[in-house]
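Below, read A as the first sequence line, B as the second, and so on, with proteins coming before strands; counting in each chain starts at 1. Note that this is a predicted model, so its numbers are computed, not measured.
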Protein chains: 2
Amino acid sequence: MHLDTIDATILTHLQKEGRLTNAELAERVGLSPSACHRRVRALEESGVIQSYVALLDADVLGYGLTVVVSVTLENQRRETMERFENAVSDVGAIMDCFLMTGADDYLLRLRVKDAHDYERVHREQLSNLPGVTRLVSNIAMRKVFVRTELPVQGR
Amino acid sequence: MHLDTIDATILTHLQKEGRLTNAELAERVGLSPSACHRRVRALEESGVIQSYVALLDADVLGYGLTVVVSVTLENQRRETMERFENAVSDVGAIMDCFLMTGADDYLLRLRVKDAHDYERVHREQLSNLPGVTRLVSNIAMRKVFVRTELPVQGR
DNA sequence: GTTGAAACGCCTTATAC
DNA sequence: GTATAAGGCGTTTCAAC
């Protein structure tokens, strides 16, 4: 993937303001609207720009609690892992899931309303996940920050 | 925060397609364009909709490796924590940072290019963070999934 | 307080240079 | 990369429920 400085500037702006008009974006990066539009479309088609989304405030919506869960499976057979991975994506509270190196098999990050809500999710959904031997929950006391932008550098 | 079913539907759509035109959105939720527009603006002003952003593909950009780092501070004095938190937000590779309950003090999630890049970030940035006694790095072998949408329910 | 309709101005998009 | 033209959209204001 070859990005020049102008591409990087475009991405930096769109990562902060995804609804920038092409005219405004063109002015900020010092390009004509049509030239800017062509670059943006190329970035979209190459997959660098995956999608445009609205970010909601989890705290305002009442999903103020983050829980990180370490998962140990009963074994590391491919079938066990596949069954687990298929089931895990159906739990809406899980924001992300990684297959880890080290002591634990998977690491989940969940968004829930409060401790009581987490107890419910744990009981109704997590404890039913197939192939799981052990779940270790770590509750976040406070979100220091969460970033969605990636650092982009062009040349 | 009172959301009815239509608000929830609007949010669900905008979380997937943040650049939907108001006309298109209105049609999908079964409202007139002006009514829909008013609701969206209210959701923006109440802070439920935080921002609109472009999501970039970390893998395409070469940031394919996720590392989760557990941090232990030398003590839990407020001053120590504040100095750490201020410094941690300057490290661009850190995607999020939580103050945790349990054995570890902070949990960081990083995006880097590869193991070599992580070694550099660790040496140049993480090991210089103030007040840190211990850093335990856990490398993700594979991203199973990452979600940005929150579950929204109206009534 | 909420909805539907119309007019204006601006943006997006495509074509040509 | 720039310039131009056509179609579409958001915005605003109005009246009606």
Touch class at under 4.0 angstrom, heavy-atom based, for A/Thr21 against every strand present: sugar-phosphate
Touch class at under 4.0 angstrom, heavy-atom based, for B/Ala23 against every strand present: sugar-phosphate
Quiz item: cation-pi between B/Arg19 and A/Tyr52, 6.0 Å / 45°: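 Cation-pi check for B/Arg19 and A/Tyr52: passes.
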Write down the distance between [atom1] ([X]) and [atom2] ([N]), rounded to a whole number of angstrom.
X       : N      : atom1 : atom2 : answer
A/Glu24 : D/dC9  : CD    : P     : 21 Å
B/Leu31 : C/dT3  : CG    : C1'   : 8 Å
A/Leu20 : D/dG10 : CG    : P     : 16 Å

From D/dG1, D/dG10, C/dT3, nucleotide with atom closest to B/Asn22 side chain: D/dG10
Phosphate-side-chain proximity, B/Arg38 and D/dT11, N/O vs OP1/OP2 below 4.0 Å: no
D/dG10 OP1/OP2 closer than 4.0 Å to side-chain N/O of B/His37: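 Result: no.
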Run the side-chain donor-acceptor check on residues 144-151 of chain A: report pairs under 3.5 Å with partners two or more places apart or on a different chain.
from: A/Arg147; atom 1: NE; to: B/Ile94; atom 2: O; distance (Å): 2.9
from: A/Arg147; atom 1: NH2; to: B/Val91; atom 2: O; distance (Å): 3.0
from: A/Arg147; atom 1: NH2; to: B/Ile94; atom 2: O; distance (Å): 3.0

4.5 Å side-chain heavy-atom contact, B/Val152 and A/Tyr63: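 No - every pair of side-chain heavy atoms lies 4.5 Å or more apart.
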Pair B/Asp105, B/Thr72: side-chain N/O donor-acceptor within cut-off below 3.5 Å: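 Judged by distance alone, the side chains do not pair up.
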5′-ward residue of the pair B/Ser32/A/Arg19 relative to DNA chain C: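 Per heavy-atom nearest nucleotide, the more 5' residue is B/Ser32.
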